[in-house]
Every structure is written in structure tokens, then in C-alpha cells.
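Throughout, protein chains are lettered first and strands after them, A, B, ... in sequence-line order, and every chain is numbered starting at 1.
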Amino acid sequence: MKKQLEILISQAVKTLKTQGVLAADLTPTIHVERTRDVAHGDFATNIALMLAKSAKTSPRSPALPTNMMGFMLAEPEKTNPRQLAEQIITALPSNEAILKVEIAGAGFINFFMNPNAQYQVIQDIHAAGEKFGLSQIGAGKKVQVEFVSANPTGPLHVGHGRGAAYGSVVGNLLTATGFDVHREYYVNDAGRQMDILATSVWLRYLEACGETFTFPSNAYRGDYVRDIAQKLVETHGKKFAHSSEIVFANLPLDEPEGGDKEIYIDALILRAKELLNADYRVVFDTGLNDILGDIKDDLAEFGTTYNQWFSERSLMDDGSIEKALAVLKSNNYLYEKDGAIWFKSSELGDEKDRVVIRDNGQPTYFASDIAYHWNKLERGFDTLIDIWGADHHGYIPRVKAALTALGADATKLNVLLVQFASLWRGEEKVSMSTRSGEFVTLRELRDEVGKDAARFFYVMRRSEQHMDFDLELAKSKSNENPVFYVQYAHARVCSVFRQLGEKGFTQDVSLGMANLAELNAEHETALLTTLARYPEVIERAATQYEPHLLINYLRELATDFHTYYNAHQFLVESDTLRNARLNLISAVRQVLQNGLTLLGISAPEAM
RNA sequence: GCGCUUGUAGCUCAACUGGAUAGAGCACCAGCCUUCUAAGCUGGGGGUCGCAGGUUCGAGUCCUGCCAAGCGUACCA
């Protein structure tokens, strides 16, 4: 309906252009909104206010650029907005859905719709079913959504959960609006952090083999490392064992002894590679595969799935990094300084240049990221969406700079930042420290509050908002918990349909459809309006990457339903009214179910 | 110091991207279960939209300057 009005208005504007009332070069964006106040009708547009300034512009205006600036610069002879609104209304093509059109305030045009038109949405929902709300505005454009991409050095923690929930819902919304979505997890299966993990596993393995020594301060200390080491013992026996005298011979000091923990761990990594040779990869991959497998299971149980798990190591193995750096070099964006290779990102908007190859010859994480993002674009995606933790925000300019330097289109890259969630248990803030005994993993969160509540809470707020996640609230089975509020509405509709037969009634959908006009109570009208908004909400939530709009909408729909439920009996004697109401509430159930499905949250039939 | 993000009711957050009288939930107070699930509903009080200017018919939203918080500012990932 909103779109139909926009089309009608644009036709009116076109007419006024040919009449010379409006300058021919104007291309106003027509914006129709739902009104907040019923006194203002159903829809409103501010088009007359927008155009008032530029109506009757002088003929020299075509020489001006047609962009927004040109539009602003054109010097208008002021037109009364209300008068212009009058002209627009006169030029408006007639449409049977429109009851009347009024001018209000400074020059708003308010549309009052024909009440009979509002019932159409029930027919639409019944016809479309689970497809109601889907659209094709994406027109099959290829979008890649990369999210979570946590290093496989340990289990996912609650901080990753928000990215997982947000990314999967954004993906669902884009799919629902006709985009061709590809979900991807970038696996950092190379690099120093993974070497630290492999070394940690090996040292725990040595302990399991009976060696005793002080565990490095900078190694991974989680219990899962011991578990992996134990598996290594079970499958390979003492094949990788060396005496601690040899392992720790001639190493620099660790931090507690007055040394540097980074230098110490690097020396240990080197030692592990020397002593294990080809077996190092076995230890490394055992750790990697174990943890990655756990992450995959964890995310799948959380309702987050991927099309592809992209290996960082593959970029090294197939020469992608070298190739990307070669192109940067030939485009004259690389130079050498202090033994390292630098990328001139400061020439392209970054605050300083960045190292791509360290003085020890190792490429930096940034180097593989350049190759990775280039690889993404070469795969033909129209849009890239990266979902990052907010602490990585400083990283955006350098990645964009790199794409530009490679001759690629950096504007295709869209980085969405997700702020951290702080965990609360009632009044008490939960420590996020890995060492603390408090639970920190996503799995533990799911065990405690459940998948539905966790997902709901994660996407309830705008992603850029800092978020407080209250575990007590998420767990509570009470009116304080918004998850149950929405699910309860769904369960209540299902319950009504269960009662239908028990009370000796039957349902006749077509009889209900023929008598929708009996749905004229205030609560019913409100519900019809809310139902009709659903496709608009999906479209907006998808194009703005704002899943919280869908959450807010579902809460409003649930409110409208609960209010209606308390005010009216559905299973009434009148066959026509009863069936009309059943058609209405089954439409509500359908929309609730569709929305919850997009959020990856269940729609229970009973609670 | 510089950069990014955020400041809205006692608390947690919305506000259709510049529109009409800034809205919800929680908390607090007062009511509603012989009728489809009370995990619900009805009513009530609550606001200098961080502060100060500016832009225009119109600003919580845009521009400038302050103030405050978080994050970043590595040859870490």
C-alpha cells in the first residue's frame, strides 16, 4: 500500500512537471510514512514541503547539476506548501483504496484509506503462508556475510554470541528480501596464535607423558587444551615425547623470571617445530580440528549455519598472498623500511602505513586479510558484509585502502561493528575473564538460558549499542522476559485452535473470509494495521541491517494480540464472526511464526 | 594527543533516517481469573533528548565547539 501511494504521488509530480508547476529536472525522493496519530489518517507524505522551495524555479535551473546540491542551490521563488499540496492532490490519479486525502499542518498530505481495503492483508497472509513478508528487492544480488570468524584457539565465548546471532539474522533477512546470500566463516588456521595453541597442546601432551616443567605464562591454559593433549596420547602414544631437559634447553627467560613472555613463547614454538619436524603439523592439526569441530557444533546448535568455512592457510598455500602483494607492489604501494615491507595505506585514508611482511619474513595477519578480501571480490560478490567486534574498528580504513590499491571497488565492503555485551547476573556484573570460574562460553550461556532467549537478547538492541545482557532476566519465566511474551502470543493462538474442536465448533475459512467486514472493533483494526506493516518491517530491517526492528515489531504484534485476546472472545456462537476472527488470529500466528523463524527462534504451540 | 562509537524517563532501550503532542519494557502505585493459557490485560505518575550555538517552515535526528563513557591508536590476531 505504501508503495502504491508512492507510485501515485510520483505520477502526480510528473503531471505537475508537464504543466510547468514543477521544474522538469527535479527528481524528488518520495517518502510515504505511516502516521503516528489516527487523526492524521493512515499514511502521510511531506512531499509538498520538500518541493515547495523549488517549485516554479527559473529556466536556468536545468543547467545546474541534478544532484542534491544542485537541488538546494536553485534559487526558488517561494511557493506556499499548502497550495502546492493542493495541486498535488488534484493531480493525483484516483484509486479506490483511498477514501479521502487531506492537507494538514504546514503542508502534509494525509491519506485516509478505505476501511474495506484493510482486510486484504488477511487474504494475503492466508495465501502466502510462510512466504508472507518475503520480497524480491534484493533482485538476486550476491551478498557475502562473513561473521564470527573467531580464532580456533578455544571455545566460543559469550562475546562471539552476539556476532553469531546478529550475522545469522542479517543473513536470514537478506535471503528473505531476495538477495543471494553466502555465509562464511574465516578460519584463522595459520599464524602465530595457532602456533601458540599447537605448542600449548604439545606441552600438555608432554605433561601427560610424565614430564614436569613450569607451564609458559603466555600459553593457552584452558582445560580443553589438556583434553586435546589426552586425545593425542590415546591415538599416538608417546610418539611426540621429548625430555623436558631437551625441550627447555637454552631458552630465554619467561616473564615471571624477568624475561619477555612473547619472546619466550616464540622460542618455544621454534623449539617445537625443530624437535617435531613433520609431526608438528599433526599436533597442530589435532588442536585445530578439535576446536574447530567444537565451534561448528556450537554454532549449529545455536541455529547459525554457514555455506563455507574459508581457510586462511589456503591463501598461503595457493600463493594468493604473494599475488596480492605483487599487485600492490606493481601499483607502487609497497616499500621497505627497517627490514620490513610496508603498505602505503596512509595515501588512501588510513592514519599511517602498515606492515605486511615483518622483518623476520613472516606475513602479518593484515597481509592475509588483504588477500582474503580481494579473493572475496574476485568471487563476484556485489556486496561484502563483514561483522566485526567493535574493538576492530580501527582496522576498517586499512582494509579498504588495500582493496583500493589493488584496483578493486572498496565501496562494496560494508563493515558492521558489533559492540560488546556485558553480562549481568541481576545486579552483579559477570567477569569476562577466561581465568575466572564464572562461565564465559557460548555453550554455557545456551545451557543456562536456552537458544531462544540467547538469540532474542543478542539482537534485541541495535548492534552499535553497548548491551547489558542480564542472565537472570533471560532465564526468568515471567512477564519480565520479552522472549516469552512473543512466544506466548503464538502459543495462545494455537491453544484457541485446540479448543475449537473441544467446544464443538468447526472452522470454515471461506465463510470467515466472506465476513471479514465484521472485524470492525478497535482492537481488530489495530491488529490489521500491524499485520500489514510486516513486509515493510522486513524490508527495512534487511536493507538497514537492523534485526532489532523485527524484534520490536514482533513485540508490538504480540501486544496487539494479547490486548485483543483479553478484550474479545474468539470462540463465539456466531458462525460468521467466529470464523472471521479465527482467520484474523491465524494470520497473527502466521506472521509471528514467520518473524520468529527469521530470528532463528522457535514458535512453540504450547507453553 | 588523535580517531571511531555512544550519551533519550530511576534502570534497559525505541523513535519509520529531517516531520505533527519523543514512545515501550522493567521498577513503583491501583484494579481484572465461575468464559479460548494471568508467562496475560486495564489505568496512573514519571523527560531541560549530555551542554551551548548554528542550519530551516520544522532538529532527539544534520553542522560546529565543548563535557562524559567505551574502544582503538603494534613488525598481536
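- The side-chain ring of Y565(A) is not stacked on the base of G40(B), judged by centre separation under 5.5 angstrom and plane angle under 30 degrees.
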Restricting both atoms to N or O, compile the protein contacts to nucleotides 5-11 of chain B shorter than 3.5 Å, with distance only.
{"residue": "U5(B)", "atom": "O2'", "partner": "Q419(A)", "partner atom": "NE2", "Å": "3.4"}

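- The 5' end of RNA chain B is approached more closely, in terms of each residue's nearest nucleotide, by A491(A) than by the other of W342(A) and A491(A).
- For T563(A), counting side-chain heavy atoms from C-beta on, the closest listed nucleotide (A14(B), C41(B), C76(B)) is C41(B).
- Shown here are the side chain to side chain contact (heavy atoms under 4.5 Å, CB included) partners of A401(A), two or more places apart in sequence or in another chain: F343(A), S345(A), L348(A).
- Contacts of A150(A) classified as side chain to side chain contact (heavy atoms under 4.5 Å, CB included), with partners at least two apart in sequence or in another chain: V148(A), L156(A), H160(A), Y185(A).
- Nucleic acid contact class of A567(A) (heavy atoms, under 4.0 Å, all strands): none.
- Nucleic acid contact class of H568(A) (heavy atoms, under 4.0 Å, all strands): base.
- Among the protein residues, H40(A) comes within range of the nucleic acid bases, having at least one heavy atom under 4.0 Å from a base atom.
- The phosphate of A77(B) has OP1 or OP2 within less than 4.0 Å of a side-chain N or O from R358(A).
- Evaluation of atom-type donor-acceptor distances gives no pair under 3.5 Å for the side chain of D391(A) against the base of A77(B).
- If you check residues 546-559 of chain A against RNA chain B, the residues with a heavy atom closer than 4.0 Å are E546(A), H548(A), L549(A), N552(A), R555(A), listed by number.
- Heavy-atom contacts from other residues, nucleotides or ligands closer than 6.0 Å to CD of E536(A) number more than 12.
- For S346(A), the side chain to side chain contact (heavy atoms under 4.5 Å, CB included) partners at least two apart in sequence or on another chain are D353(A).
- In the set A15(B), G19(B), G72(B), the nucleotide with an atom closest to the side chain of R36(A) is A15(B).
- Atoms CG (N579(A)) and P (C36(B)) sit 20 Å apart, rounded to a whole Å.
- Helical stems in RNA chain B, defined as runs of 3 or more consecutive Watson-Crick or G-U wobble pairs with both donor-acceptor distances under 3.5 Å, are listed by first residue as B:1-7 with B:67-73, B:10-13 with B:23-26, B:28-32 with B:40-44, B:50-54 with B:62-66.
- Put simply, the side chain of H393(A) and the base of G3(B) share a donor and an acceptor less than 3.5 Å apart.
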